[in-house]
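Residues: numbered from 1 along the sequence shown. These figures come from a predicted structure and were not determined experimentally.
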Amino acid sequence: MIQPIDFADYDAGWAAVPKRRADDAQRELETIAPYSDTLGTLRRFGEEGVMIAVASNLALPYTTPLRALFGILMAV
């Protein structure tokens, strides 16, 4: 996949298979949280000059909670 899609686009592409409803996905987005040691670890890597990239094939709405959680550590 080379372009961002939203849940509606994702659902439309999988019409022939049982699919998760957008409201279920929204509830999942609200539960996203890092492990307790994640932020400290990422900060330390940053202080050491280690560059980290996140690559995912998740739908575009997943970027919102990730940016909220890790935004201070992200360079776009």
Inset, instruction - Report yes if the side chains of Thr64 and Leu29 come closer than 4.5 Å at any heavy-atom pair, otherwise no. - result: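 In short, these two side chains do not touch, never coming nearer than 4.5 Å.
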Taking distance alone, no hydrogens or angles, what donor-acceptor pairs closer than 3.5 Å link side-chain atoms of residues 30-41 to residues at least two apart or in another chain?
{"unit_1": "Thr31", "atom_1": "OG1", "unit_2": "Glu28", "atom_2": "O", "d": "2.7"}
{"unit_1": "Thr38", "atom_1": "OG1", "unit_2": "Tyr35", "atom_2": "N", "d": "3.3"}
{"unit_1": "Thr38", "atom_1": "OG1", "unit_2": "Tyr35", "atom_2": "O", "d": "3.2"}
{"unit_1": "Thr41", "atom_1": "OG1", "unit_2": "Asp37", "atom_2": "O", "d": "2.7"}

Inset, instruction - Output the distance between atom OG1 (Thr63) and atom CZ (Phe70), rounded to the nearest 0.5 Å. - result: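 If I round to the nearest 0.5 Å, the distance is 13.0 Å.
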Legend entry - Shortest non-hydrogen contact between Pro65 and Pro61, atoms and distance: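 Scanning both residues, the minimum pair turns out to be CD-O, 3.3 Å.
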Inset, instruction - Please check if Val50 and Leu42 belong to a single hydrophobic cluster, counting links between Ile, Leu, Val, Met, Phe, Trp and Tyr side chain heavy atoms closer than 4.5 Å. - result: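 Yes: a chain of side-chain contacts under 4.5 Å links Val50 to Leu42.
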